[in-house]
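Written out below as structure tokens is the structure these notes cover.
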Amino acid sequence: MTTGATAAWTRRRWLKAALAAAAPAALGLGTYHAAAAPRQVVIKMTVKRFEFSKKVIVVKKGVPVVIEITSLDVPHGFAVPDFHARAEIVMPGKVAQVRFTPDKIGEFQYLCDIFCGEGHEKLEGRLIVRV
Amino acid sequence: MIRLKIDRRKFLKLAGVGGAVFASGLPGWAEAQSMAKADDFLFVQLSDTHWGFQGAPNPDAGGTLRKAVAAVNELSPVPDFVIFTGDLTHTTDDPQERRHRLTQFKEIVSAIKVKDVKFIPGEHDASLDRGKAYGEFFGPTHYTFDHKGVHFIVLDNVSDPAAALGEEQLTWLKADLAGLDRDARIVVFAHRPLFDLMPQWDWATRDGAKAVEMLMPFKNATVFYGHIHQEHHHATGHIQHHAAKSLIFPLPAPGSQPKRAPLAWNPAQPYSGLGFRQVGTRPAAYGFDLTEFPVAKKA
């Protein structure tokens, strides 16, 4: 049996927990908590010839990462070979998602792996994975 | 009888230094070297000429290719054929300029005295227009030919800008291999490595493993490729993969530095790190003598 006082306390606790989970997303931090699923980090970025909007990405080991990337000009690629993560293609005006969970710390490269012109070989960035 | 004997004195005069030799083939190849057969032959691999490139990594970008052509013309005995394994031209966004560079490249290499000169595209030639301009000048981007008992397969892993062979070409390859005996002598040419040499530097082919898997049942299969601007040797099982030097600028060894930036031109040793390869081929023993030639004699 549940008393009225206990039910009110439970509702307050759920409300508090729900607000705590929603706050980072509301602030645009790109993170959220889910009760059962592991926390994940969403990183939004763009790519154009011959530059990623983020040249360095810092993430945490064991925390799932979702890269949401779109092209501002021609088709590009996005790959993090050390984590076997790759977008099939990054098209202008469309968001491509790349999901991976870094399982080792260190500094790694991400790159465009779809040939996009004379500066293609320089289109890369650094992924730093920390504890 | 063809004797694969290089006129060393003539070569030293031409090159300034001797070429490094790499023997590749089945066990017992060294012993078989002294048993030259009538079908033994030479071919020459040149790669990554990047005609149209301008920049500090090669102050003689307009002259290096011509020097290489002259060096090939000095080879004795004369090779049976010459093959350029891609990146004939440096990329450009302008389709007209791309055709201009292909025209100039074709004109320069027409001075090669060897009658049989073959080509395959690199991503700089073909990725921005899916091989359209390249095809106008050099025809199909993937094909086969046979020469003195060796079956040569030319693969195109660049016309798709995603660096893939694609299902259509893989089906074509499967059909071609289906007609061969398991002990057939096979040589594959490609621009990019068919294995994951260094995907962090885009030195790979997305579906290259599928092609290698198809080749695995054949005990005599060897791959020659370019793209990485340096001599490199690797084995996937019994299949050897040999990368050739560039004729424009060298690149660093895989993973040896943070970026895959061209190595700087050394005024004290101009053209160092550049060169081409002569391949002595002995079909009977299925072995290869790889001789690396510098592009020009020392200053």
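First the proteins, then the strands, lettered A, B, ... as listed; each starts at 1. Fair warning: this is a prediction, and the values are worked out from it, not measured in the lab.
- Side-chain contact check for B:His241 and B:Thr236: at least one donor-acceptor pair (N or O, by modelled atom type) lies under 3.5 Å.
- Using a 4.5 Å cut-off between heavy atoms, A:Glu118 contacts chain B through both its backbone and its side chain.
- Looking at B:Asp93, only its side chain comes within 4.5 Å of chain A, counting heavy atoms on both sides.
- No side-chain donor from either of B:Asp87 and B:His229 sits under 3.5 Å from a side-chain acceptor of the other.
- In this structure, chain A has heavy atoms under 4.5 Å from both the backbone and the side chain of B:His124.
- Using a 4.5 Å cut-off between heavy atoms, A:Arg126 does not touch chain B at all.
- Judged purely by distance below 3.5 Å, without hydrogens or angles, the side chains of A:Gln109 and A:Glu124 pair a donor atom with an acceptor atom.
- Note on B:Arg206 versus B:Asp160: no salt bridge recorded, every NZ/NE/NH1/NH2 to OD/OE distance being 4.0 Å or above.
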